[in-house]
Amino acid sequence: MPTLSLFRKHLSRKKLTVFASAATLSLGVLFSGAATAADTITWKVQSHWPGSSSSYTDSLERLKRVIEERSDGRLELKLYEAGALFKAKQTFDAVSRGILEMGTISPSYAQDKMTLAGIASGLPFAFRHVWEAAYFHQGLGFEQMLRDEAAQYGVYWATDKVYPTEMVVKKPIESWDDFTSLKIRSSGALQKFLTEAGAAASYIPGSELYPALDSGVVDGAHWGAAQGAFSMGLYEVAKYHVKPALNIAGTDVIIVSQKALDKLPEDLQAIVKQALEEQFWFRTNEYQFKEQVALSKAIKEEGVQVNTLPDDVQNRLTQAAQGMWDEEGKRSERAQQALDMLKDYLRELGYL
């Protein structure tokens with residue numbers, strides 16, 4: 001019996017030891033998880049792109065993947081589609097005030113504050129090739145000018161890509177009368193240009209664009225070019241893709257709250273900035289490839305036709321465009337400096 005008693009005491013002690021070890025392990029896992037959660041920084045990111053837009057996937061989701069992978073999950077981007085938290089034109093202010101850590105916009109949505117917004121949105125009929133716009137931004141310093149102006153509002157500005165903006169229309173444009181009879185969905189500087197050139201241009205949010213085109217509220221629209229039109233389903237109701245481009249510009253921008261950026265550890269700040277720099281070049285080149293693929297697919301599968309504007313229409317539009325350029329330069333000393341730089345560049349290219 002004494003032996004049995006000793007055995008029971010030994011067993012009881014062993015159970016207590018096992019229980020204590022299990023409890024310690026559980027607490028260790030619990031606190032380990034808490035530390036991991038505490039180390040993760042989450043940024044809210046409001047997009048101006050609907051989830052159906054190709055750029056939502058190819059630009060925003062790509063950026064999320066790159067930043068999260070390079071930060072080993074320490075910085076997480078929580079994405080919201082257009083309109084989920086703020087309207088498109090409210091996003092700049094939300095980022096400026098630090099309510100949002102990051103967002104995407106068109107420069108035109110911030111033109112009440114950014115005097116360079118009209119030039120950034122793309123002066124019509126200026127550049128003829130995408131590489132010209134890319135070099136203007138990154139080689140000649142226009143991107144830094146934009147960043148300096150946005151910094152006054154606590155915003156870090158990073159152009160997502162430069163690409164052509166091309167219209168789709170329900171009926172082909174074969175004369176100046178055809179053009180001036182159009183009702184076109186547009187935005188920013190292009191909206192003003194198309195109106196002054198003779199068409200009726202109005203702004204419609206991306207989420208409302210398809211039904212507006214389908215129902216005849218508008219006769220044509222631009223949402224990027226071929227890729228944007230295809231992803232938004234516009235070719236289902238508008239079978240003519242118009243060339244040449246209305247403009248080539250940095251029409252999509254990623255904006256970051258400087259306050260949120262400054263709060264990050266230095267290594268995470270470097271990861272974010274490097275990812276944004278790489279994004280410009282990667283997306284600009286990828287976009288051009290996908291443009292050609294999308295237009296080819298639209299022609300084969302949707303019966304889309306390329307509508308090249310007649311020479312007289314192009315000439316009238318070019319004249320109207322150049323008159324508008326000077327108006328943008330009057331917005332500020334900085335804007336005039338950018339415009340002068342652009343004109344000098346175009347002269348070197350032989351366009352002026």
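These numbers were taken from a predicted model, which means no experiment stands behind them. In what follows, residues are counted from 1 in the order of the sequence shown.
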Is there a chain of hydrophobic side chains (I, L, V, M, F, W, Y, each step under 4.5 Å between heavy atoms) that links [X] to [Y]?
{"X": "Y156", "Y": "I67", "value": "yes"}
{"X": "V313", "Y": "M324", "value": "yes"}
{"X": "L140", "Y": "W281", "value": "yes"}
{"X": "Y163", "Y": "W49", "value": "no"}
{"X": "L60", "Y": "W43", "value": "yes"}

State, to 0.1 Å, how close [X] and [Y] come at their nearest heavy-atom pair, and which atoms those are.
{"X": "A110", "Y": "I105", "answer": "CB-CD1, 4.2 Å"}
{"X": "A197", "Y": "W176", "answer": "O-CZ2, 3.1 Å"}
{"X": "D178", "Y": "P172", "answer": "OD2-O, 3.8 Å"}
{"X": "G250", "Y": "H137", "answer": "N-NE2, 4.0 Å"}
{"X": "R347", "Y": "L352", "answer": "CG-CB, 3.8 Å"}
{"X": "A238", "Y": "L213", "answer": "CB-CD2, 3.9 Å"}

**Request:** Please lay out, stage by stage, how W157 and F92 fare under the test side chain to side chain contact (heavy atoms under 4.5 Å, CB included).
**Result:** CA-CA 10 Å; W157 183 285; F92 186 90; 4.3 Å; yes
Under a 4.5 Å cut-off applied to non-hydrogen side-chain atoms, are [X] and [Y] in contact?
{"X": "Y210", "Y": "I204", "value": "no"}
{"X": "T165", "Y": "I248", "value": "no"}
{"X": "F125", "Y": "Q322", "value": "no"}
{"X": "L75", "Y": "V272", "value": "yes"}
{"X": "W223", "Y": "S54", "value": "no"}
{"X": "K239", "Y": "K170", "value": "no"}
{"X": "V45", "Y": "Y80", "value": "no"}
{"X": "N247", "Y": "L190", "value": "yes"}

No-hydrogen, no-angle side-chain donor-acceptor test under 3.5 Å, [X] and [Y]:
{"X": "S108", "Y": "S106", "value": "yes"}
{"X": "Q191", "Y": "S202", "value": "no"}
{"X": "Q336", "Y": "D340", "value": "yes"}
{"X": "E166", "Y": "H241", "value": "yes"}
{"X": "R283", "Y": "S59", "value": "yes"}
{"X": "Q46", "Y": "T104", "value": "no"}

State the [atom1]-[atom2] distance between [X] and [Y], to the nearest 0.5 angstrom.
{"X": "W325", "Y": "L339", "atom1": "CH2", "atom2": "CG", "answer": "8.0 Å"}
{"X": "T115", "Y": "M145", "atom1": "OG1", "atom2": "CE", "answer": "8.5 Å"}
{"X": "Q144", "Y": "Q138", "atom1": "CD", "atom2": "CD", "answer": "9.5 Å"}
{"X": "Y135", "Y": "Y345", "atom1": "OH", "atom2": "OH", "answer": "7.0 Å"}
{"X": "S186", "Y": "L194", "atom1": "OG", "atom2": "CG", "answer": "5.0 Å"}
{"X": "Q152", "Y": "S96", "atom1": "CD", "atom2": "OG", "answer": "11.0 Å"}

Only distances under 3.5 Å count here; give the side-chain donor-acceptor pairs of residues 254-267 to other protein atoms, sequence neighbours excluded, each with its distance to 0.1 Å.
from	atom 1	to	atom 2	distance (Å)
S257	OG	K259	N	3.4
S257	OG	A260	N	3.2
Q258	NE2	D262	OD1	2.8
D267	OD1	R74	NH2	3.4
D267	OD2	R74	NH1	2.7
D267	OD2	R74	NH2	3.4

Between [Y] and [X], does any NZ, NE, NH1 or NH2 come within less than 4.0 Å of an OD or OE carboxylate oxygen?
{"X": "E277", "Y": "R147", "value": "yes"}
{"X": "E132", "Y": "R128", "value": "no"}
{"X": "E278", "Y": "R70", "value": "yes"}
{"X": "R65", "Y": "E61", "value": "no"}
{"X": "K113", "Y": "D93", "value": "yes"}
{"X": "K161", "Y": "D252", "value": "yes"}
{"X": "D112", "Y": "K89", "value": "no"}

Any donor-acceptor N/O pair, [X] side chain to [Y] backbone, under 3.5 Å:
{"X": "E81", "Y": "G51", "answer": "yes"}
{"X": "D160", "Y": "V253", "answer": "no"}
{"X": "R185", "Y": "H222", "answer": "yes"}
{"X": "E69", "Y": "V66", "answer": "no"}

**Request:** Dump the intermediate steps for side chain to side chain contact (heavy atoms under 4.5 Å, CB included) on Y287 and V162, then the final yes or no.
**Result:** CA-CA 9 Å; Y287 201 89; V162 292; over 6 Å; no
**F136-F127 aromatic ring centre distance below 6.0 Å** =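 Distance test on ring centres: under 6.0 Å, yes.
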**Message:** Could you walk me through whether R334 and D148 satisfy the salt bridge (charged side-chain N to carboxylate O under 4.0 Å, His left out) test, starting with their C-alpha distance in whole Å, then the side-chain angles of each, then the deciding distance to 0.1 Å, before giving a yes or no?
**Reply:** CA-CA 10 Å; R334 182 183 275 113; D148 290 343; 5.9 Å; no
Contacts under 3.5 angstrom, residues 297-308 side chains, donor-acceptor by atom type, not counting sequence neighbours:
from	atom 1	to	atom 2	distance (Å)
N307	OD1	I173	N	2.7
N307	ND2	I173	O	3.3

**Item:** Verdict with supporting geometry, W131 and T284, side chain to side chain contact (heavy atoms under 4.5 Å, CB included)
**Value:** CA-CA 9 Å; W131 69 262; T284 293; over 6 Å; no
**Request:** Using the ring of Y351 (Phe, Tyr or Trp, six-membered ring only), decide whether K343 places NZ or CZ under 6.0 Å from its centre and within 45 degrees of its axis.
**Result:**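 No - K343 does not lie over the ring of Y351 by the 6.0 Å and 45° rule.
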**Message:** Does Q314 have more than 12 heavy atoms from other residues, nucleotides or ligands lying within 6.0 Å of its CD?
**Reply:**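 Atom CD in Q314 is crowded, with more than 12 foreign heavy atoms closer than 6.0 Å.
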**Asked** Step by step, would you call L77 with E68 a side chain to side chain contact (heavy atoms under 4.5 Å, CB included)?
**Response** CA-CA 8 Å; L77 304 187; E68 291 180 355; 4.3 Å; yes
